[in-house]
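We use all heavy atoms of the structure for the numbers below, so side chains are in, but hydrogens, waters and symmetry mates are not. For ligands, and for the atoms within them, numbers begin at 1 and follow the listed sequence.
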Amino acid sequence: MSEKMKTLTEPFKIKMVEPLKITSEAYRKEALKKAGYNTFLLKSKDVFIDLLTDSGTGAMSDTQWAGMMMGDESYAGAKSWEHLEAVVKELSGMPHILPTHQGRAAERIIYGILGGKDKVFISNTHFDTTRANIEFTGATAIDIVYDEAKNPEIDLPFKGNIHLEKLEKLITEYGRERIGAVVITVTNNSSGGQPVSMANVKALRKICDRYKLFLVIDGCRIAENAYFIKHREEGYANTSCKEIAQEMLRLGDAFVMSAKKDGMVNMGGLLTIKEEALALKCKNLLIISEGFTTYGGLSGRDMEALAIGLTEVFDEDYLHYRIKSTAYLGERLKAKGIPVVWPIGGHAVYVDAKQLYKEIPLNQYPGQSLVCDLYIKGGIRCVEVGSLMFGKYDEQGALIPAVNELVRLAIPRRVYTQSHIDYVLDIFDDILELRNKTTGYKITYEPPFLRHFTAQLEKI
Ligand code: F0G
């Protein structure tokens, strides 16, 4: 596609439609109240534009749907497995490929083996299921990004990079024997979907070689990350996004992938491993918990669709459209005066609710207030990534707030058109009018872990 093109046209046309219900503001107020002001508890039929997650929410292509019909449902050695295995071997360069039902299942297997009491894992940022699977083994998970990456306003090309100097300090502090693995998450979901540079991963590989550490690449958005490298890192302008992804994956000892993102499917995961002895241990766990090694919790048709999805995601026109359409929303929000994490990442736009809803105290959850307003005003569903998700309490029961109060607008792949996104932008005009009039929330019920999924709230 021409770089000069002014209108960002979708590089696909629509063959099947899924109707959306347009509801009234009064209806949505009632629906949200019934859901305890928690958007996870809304019914999807009551949502107009669903930006809750980009995970498993994408649309498959006609080729993928045709592949579904060709799925080989044999228990062992299915043709669809052979197809998937060949595609993933070529992509990862690793000899041992394990299918799983989603990303966290691959995490449970690999960290179940590498983890354990006294072990330490170090990452740019562990995604919450990654952290949970590591901590569940008794190990500790430490996040280290550069300080600039924590500031939503600083414009840097690779704010997802792992802090290399801090890593060496931590290795010396804990001793190399205690390090279970180093995990590099590309793109870095929990800090704004920011990319990681090839130079950073190459330097990381060198450190891992020097101290004999195991390097895991959590690459569920590896194709989106490759696009950023091609366009931002010196020396990659003429390399294809697929070749960039291949180069990066060859630097790891293992690759964990939630296929629900850049796998372009609604369900699935992968674990690939270089070393045979470790792969054998993982396969034994896979058989106990997921399924036989040639399906691991997936139907033949799922594996066929994933094999095709992993090929389609590296289409340069698709990736251009994908990254530019996320930027389209983010750049226009910024132009309206909405504070967003900058630069815009790959799969989502993160709004800085601390800045936008300045008058709401942090213990009244300004991020959740924006999440609720977006639903009431426009039927838009998104998620708070702030003190409701990560807040803790001190001994007096006062909130220890999260570092940032963000609201994530995640964009499902190939689902919404530019006019849907223009609609979201229009709703933010209403938000700007509301900004000094809206109020915060208090929690009326919360579970002990991952409270944002099931918490109940009340408007103050
Ligand atoms: N790693 C990363 C970086 C992720 O973003 C996710 C999921 C996982 C692992 C776990 O994969 O869901 O297939 O088990 N992220 C979703 C999200 C849930 O909304 O960002 P899973």
(message) On a heavy-atom basis, I'd like to know which of Asp218, Val385, Asn133 is closest to atom 2 (C) of ligand 1.
(response)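 Looking at heavy atoms only, Asp218 sits closest to atom 2 (C) of ligand 1.
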Considering only the protein, which heavy-atom contact is closest to [atom], and what is its distance?
atom	value
atom 5 (O) of ligand 1	Asn189 ND2, 2.8 Å
atom 21 (P) of ligand 1	Gln102 NE2, 3.3 Å
atom 11 (O) of ligand 1	Ser258 CB, 3.2 Å
atom 18 (C) of ligand 1	Phe127 CZ, 3.8 Å
atom 14 (O) of ligand 1	Arg104 NE, 2.7 Å

Any N or O of [X] that comes nearer than 3.5 Å to an N or O of ligand 1?
X	value
Lys260	no
Thr129	no
Lys261	yes
Gly103	yes

(request) Evaluate the ring planes of Phe48 and His420, with Trp represented by its six-membered ring, and classify them as parallel (under 30°), tilted (30 to 60°) or perpendicular (over 60°). (result)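 Geometry flag for His420 against Phe48: perpendicular rings.
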Atoms in ligand 1 with a heavy atom of [X] nearer than 4.0 Å:
X	value
Cys220	2 (C), 3 (C), 4 (C), 5 (O)
Ser55	16 (C)
Thr53	17 (C), 19 (O)
Thr185	3 (C)

Could you check whether [X] pairs with [Y] (Lys NZ or Arg NE/NH1/NH2 to Asp/Glu carboxylate O, under 4.0 Å)?
X	Y	result
Glu247	Lys242	no
Glu135	Lys119	no
Glu224	Arg322	yes
Glu107	Arg131	no
Arg221	Asp262	no
Arg451	Glu446	yes
Lys89	Glu85	yes

(request) First locate atom NE2 of His231, then atom OH of Tyr236, and finally report the distance between them rounded to the nearest 0.5 Å. (result)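 It comes to 14.5 Å.
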(message) For Arg408, which part has a heavy atom under 4.0 Å from ligand 1: side chain, backbone, both, or neither?
(response)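 Arg408 to ligand 1: side-chain contact only, backbone stays beyond 4.0 Å.
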(request) Would you check whether Glu107 reaches within less than 4.0 Å of ligand 1, judged by its heavy atoms? (result)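 Glu107: in contact with ligand 1 (<4.0 Å).
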(message) If you compare all heavy atoms of Gln418 against all heavy atoms of Tyr328, which two are closest, and at what distance to 0.1 Å?
(response)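 Taking every non-hydrogen atom into account, NE2-OH, 2.9 Å.
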